[in-house]
Amino acid sequence: MMDLGDSNPLASRRVMRLSSHAALAPLKDGLPYASLVTPATDHDGTPLLLLSKLADHTQNLLADNRASLLFSVPEGHANPQTAPRVTVMGSLAPSDVMADRARY
């Protein structure tokens with residue numbers, strides 16, 4: 001079991017870095033539309049996603065770029081609701097930065 005200490009930005013960043021997957025929830029017609037994604041993080045903790053233009057969640061983000069991402073690390077926890085987790089919210093934007101692609 002992982003001990004992250006008190007709730008703080010470093011613990012949140014660690015959960016994000018250790019997560020092999022996340023739930024992406026953009027809006028579709030004003031309602032949340034969740035899907036599974038495989039994120040990476042930049043050095044500063046910014047989530048990085050590789051998304052297909054054919055995917056529903058990408059089409060939803062093109063219409064409204066606001067979304068949330070739920071990261072969790074359930075390994076070692078019989079009940080995933082007791083596992084470390086963090087939700088981040090914001091606006092997603094495409095990146096043409098080659099370092100982002102390399103980092104992913």
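These numbers were taken from a predicted model, which means no experiment stands behind them. We number each residue from 1, following the sequence as shown.
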Colleague: If two hydrophobic side chains count as joined below 4.5 Å and joins carry through other members, does L18 share a cluster with V86?
Modeller: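 Both belong to a single hydrophobic cluster.
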Colleague: Is any side-chain heavy atom of R103 closer than 4.5 Å to one of H43?
Modeller: yes
Colleague: Please list, chain by chain and in numerical order, all residues satisfying side chain to side chain donor-acceptor pair (under 3.5 Å) with T41, sequence neighbours excluded.
Modeller: R17
Colleague: side-chain contact (heavy atoms from CB on, under 4.5 Å), that's the test. Do L24 and L92 meet it? Break it down for me.
Modeller: CA-CA 11 Å; L24 169 66; L92 280 69; 4.2 Å; yes
Colleague: Quick one: does any side-chain atom of N65 pair with a main-chain N or O of L61 as donor and acceptor, under 3.5 Å?
Modeller: no
Colleague: By side-chain contact (heavy atoms from CB on, under 4.5 Å), which residues pair with D29, not counting sequence neighbours?
Modeller: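 With sequence neighbours excluded, D29 shows a side-chain contact (heavy atoms from CB on, under 4.5 Å) to no residue whatsoever.
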Colleague: With a 4.5 Å heavy-atom cut-off, do P47 and M16 have their side chains touching?
Modeller: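 Sidechains of M16 and P47: in contact.
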Colleague: Okay, side chain of S19, backbone of S72: is any donor-acceptor separation there less than 3.5 Å?
Modeller: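 Judged by distance alone, yes, a pair lies under 3.5 Å.
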Colleague: Once side chain to side chain donor-acceptor pair (under 3.5 Å) is applied, do any residues pair with S35, and if so which ones, sequence neighbours excluded?
Modeller: H57
Colleague: Go through it in stages, so that I can follow the logic: the residues are T38 and Y104, the test is side chain to side chain donor-acceptor pair (under 3.5 Å), and I'd like the CA-CA distance, side-chain angles, deciding distance and then a yes or no.
Modeller: CA-CA 10 Å; T38 52; Y104 185 85; 3.0 Å; yes
Colleague: If we ignore hydrogens and angles and just use 3.5 Å, is the side chain of T58 paired with the main-chain N or O of S52 as donor and acceptor?
Modeller: yes
Colleague: Taking a hydrophobic cluster as the set of Ile, Leu, Val, Met, Phe, Trp and Tyr residues connected by side-chain heavy atoms closer than 4.5 Å, whether directly or through intermediates, do V88 and L49 fall within one such cluster?
Modeller: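 Yes, same cluster.
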Colleague: Is L69 close to T87 at the side-chain level, that is, under 4.5 Å between some pair of heavy atoms?
Modeller: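 Sidechains of L69 and T87: no contact.
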Colleague: Sequence neighbours excluded, which residues qualify as side-chain contact (heavy atoms from CB on, under 4.5 Å) partners of D96?
Modeller: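 Testing D96 for side-chain contact (heavy atoms from CB on, under 4.5 Å), a comparison that skips the adjacent residues, returns R101.
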Colleague: So, do L27 and Y33 sit near enough that their side-chain heavy atoms are less than 4.5 Å apart?
Modeller: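 No, their side chains stay 4.5 Å or more apart.
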Colleague: Listed by chain and number, what are the side-chain contact (heavy atoms from CB on, under 4.5 Å) partners of T46, not counting sequence neighbours?
Modeller: D42, D44
Colleague: Please list, chain by chain and in numerical order, all residues satisfying side-chain contact (heavy atoms from CB on, under 4.5 Å) with A83, sequence neighbours excluded.
Modeller: P74, H77
Colleague: Does any non-hydrogen side-chain atom of H21 lie less than 4.5 Å from one of V37?
Modeller: no
